[in-house]
2 protein chains.
Amino acid sequence: MKESNLSQQIEGNKELLFRHFEQYIRVSDELKSALDARINFVSFNKGELVHDADKVCTRSLFIQKGLFRTYFIKDGKEISEYFPAENEWSNSPKSFITRQKDMYYIDAIENTEAFCLKVDDLVYLFENFPEMERYSRLSMGTVFGHLMERIASLRFTTAKEKYDHFIKTYQEIHHRIPLGMIASYLGIAQETLSRIRSEK
Amino acid sequence: MKESNLSQQIEGNKELLFRHFEQYIRVSDELKSALDARINFVSFNKGELVHDADKVCTRSLFIQKGLFRTYFIKDGKEISEYFPAENEWSNSPKSFITRQKDMYYIDAIENTEAFCLKVDDLVYLFENFPEMERYSRLSMGTVFGHLMERIASLRFTTAKEKYDHFIKTYQEIHHRIPLGMIASYLGIAQETLSRIRSEK
DNA sequence: AATAGCTTTTGACCTGCGTCAAAAAATCAT
DNA sequence: ATGATTTTTTGACGCAGGTCAAAAGCTATT
C-alpha cells in the first residue's frame, strides 16, 4: 500500500467525494476543509489484502477507481459478501462500528485508488458536524434498501434468477468480477453458474 | 384500530420507549417532552391490517406489547419478510423514507399495543434535535448487522440450518409465529419445515 | 515460449427439498 | 358444542442443482 498527500491531481479528485456527500447533505466550506484535512489517498495493487479479519477495522475507504471484494471464510472456502466499487465506501461494517474483530476480509480485485478516513476522524466529524450524522443516516438508508432487496432475491428463486438479479444490481461491474467469486456471492456452485452462462 | 391519549397507564409506559432511545443517546427533558407531544398510543387486534402496500407508509410504530408480521405477495403467496416484536420499530422502511409506495404489508399476529410516530413529526425531531439523527444512525447500525447475518445464513445452508438460525435470532418469539409464516420467512416449503420440526 | 498455477468448463451421478395431493389437527364463528 | 375454515402433517414422486473428477483455457513468471 502506497500513501501520498501531495499532487494536485489527487487534491482535485476529492471533489468526487464531496459530490458524493452532496447527494445527501449540503457540504459547507468548513466541512470541506475538515474532511480535506482528515482524508488521505491510498492505493492497492490487484490481489492485495486491504483488510484482514484478524484485525479491527479502523478505517473506511471511499473508492475512486477500482474494485474490492469483501469476503469471509466458511469451511475453508472464500465466500464473497459484497463488491465495493467506484463511489462507494468499503470497510468491515460491524468491526468498524464496534471496534471489535469481525469475520470479513477485503482485498482488491483490481488496482484500486481510494480515499481513507479513520474511525477516530469520523467520530470527530460526527461530534463537530451534525450534518455528518444526517449524511450517515441517509446513506445507510440507501444501503439498507439494497440489503433488503438482496434478501428477497435469495429466497424462492432459482439459480438463474439469482444470477439475473445480480447482473441487474451490478450492471456496470459484473464483467470485472471472476465467475467463482460471483457464484459464492450468490450462494450457488460455480459449476452451476458456468452452465447458466453457457446457455445464453 | 383504537386510539387514545389519556390514561396514566399509557403515559407511564412511554418510559419504555425513552429507555430504548437511551440505549443509544442521552434523552434530555426537552427531547422527552417533544417526543411525548408527538407520540400517541394505538392498538390492533390479531389479524388486523396495520399497513397496506397500496398506501404510502407515513408512520412508524414502536411495539410495546404484541407481534407484527411484515410481508409481501409473490405469485399470490404471502412471503414473510420480518417479525417486529416488543421494543422494536415497525414500518415499511423504503416507503416510510421515500414517501412512495412499496411492496410490504404489515399485519398483527397478536393483539398489539404500540406507540405511533408520524414521518412529519420525525422530520421535525430530526430538524430540532440532532441527537435524533445520531440515534437513528446508531440504531440502524444494529439492524444492519442483523440483515448481514441473515444474508449469510440464507446462502450455503440446508433448510435445517436456516431453521436453527431462525430459532437463535428469534429465541423469545419463535413459538408465537405460525409455521407457515416461518417457512416463507426462511425461503423453504412449509412441508419441509414441518418435517424438520418433527424429527427432534 | 515453456512451465506452473489458477480459473472455468464439461460430464456423470446423486440427494435435499420442492410440488402435488390428501388426511389429520387446530382454530374460529355461530 | 358443532360444523366450517385454516393450518399442519404425512406420503409419493421428480428435478434443480450440489458434489466429485478431470479436461480445457487463462495468466503470470522466469
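This is a predicted model, so every value here is computed, not measured. Below, read A as the first sequence line, B as the second, and so on, with proteins coming before strands; counting in each chain starts at 1.
- Residue B:Leu193 contributes atom CG, which lies 9 Å from atom P of D:dT8 at whole-angstrom precision.
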List the steps, then state whether ring-ring contact (aromatic ring centres under 6.0 Å, His included) holds for B:Tyr104 with B:Tyr82. CA-CA 10 Å; B:Tyr104 295 105; B:Tyr82 184 62; over 10 Å; no
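- Cation-pi geometry between B:Arg150 and B:Tyr185 is met: under 6.0 angstrom from the ring centre, within 45 degrees of the axis.
- At whole-Å resolution of the value, NZ in B:Lys160 and P in C:dT15 are 20 Å apart.
- Here the side chain of B:Glu191 is nearest to one of C:dC20, D:dG17, D:dT8, namely C:dC20.
- Relative ring orientation between B:Tyr170 and B:Phe166 is described as tilted, the plane-to-plane angle lying within the 30° to 60° band.
- Between the base of D:dG18 and the side chain of A:Arg195 there is no donor-acceptor pair shorter than 3.5 Å.
- B:Thr70 contributes no side-chain N or O that, together with a main-chain N or O of B:Glu81, makes up a donor-acceptor pair within less than 3.5 Å.
- Between B:Ile182 atom CD1 and D:dT9 atom P the separation is 10 Å, expressed in whole Å.
- Closest to the side chain of A:Ser198, out of D:dG18, C:dT10, C:dT8, is C:dT10.
- Both cation-pi conditions hold for A:Arg137 and B:Phe126: the charged atom is under 6.0 angstrom from the six-membered ring centre and inside a 45 degree cone around its axis.
- One interatomic measurement links the two molecules: CD of A:Gln190 to C1' of D:dA21, which rounds to 14 Å at whole-angstrom precision.
- If you measure from atom CZ of B:Arg197 to atom P of C:dA26, you get 13 Å, rounded to the nearest angstrom.
- One interatomic measurement links the two molecules: CE of B:Met181 to C1' of D:dT7, which rounds to 10 Å at whole-angstrom precision.
- At the heavy-atom level, B:Lys46 lies under 4.0 Å from the strands shown only through sugar-phosphate atoms.
- Residue whose closest nucleotide on DNA chain C sits further toward the 5' end, between A:Gly180 and B:Gly187: A:Gly180.
- Using a 4.0 Å cut-off, no side-chain N or O of A:Thr192 falls inside it from OP1 or OP2 of D:dG17.
- Look at CG on B:Leu179: it is 19 Å from P on C:dA24, rounded to the nearest Å.
- Summarising the geometry, the separation between CD on A:Glu199 and P on C:dG11 is reported as 13 Å, rounded to the nearest angstrom.
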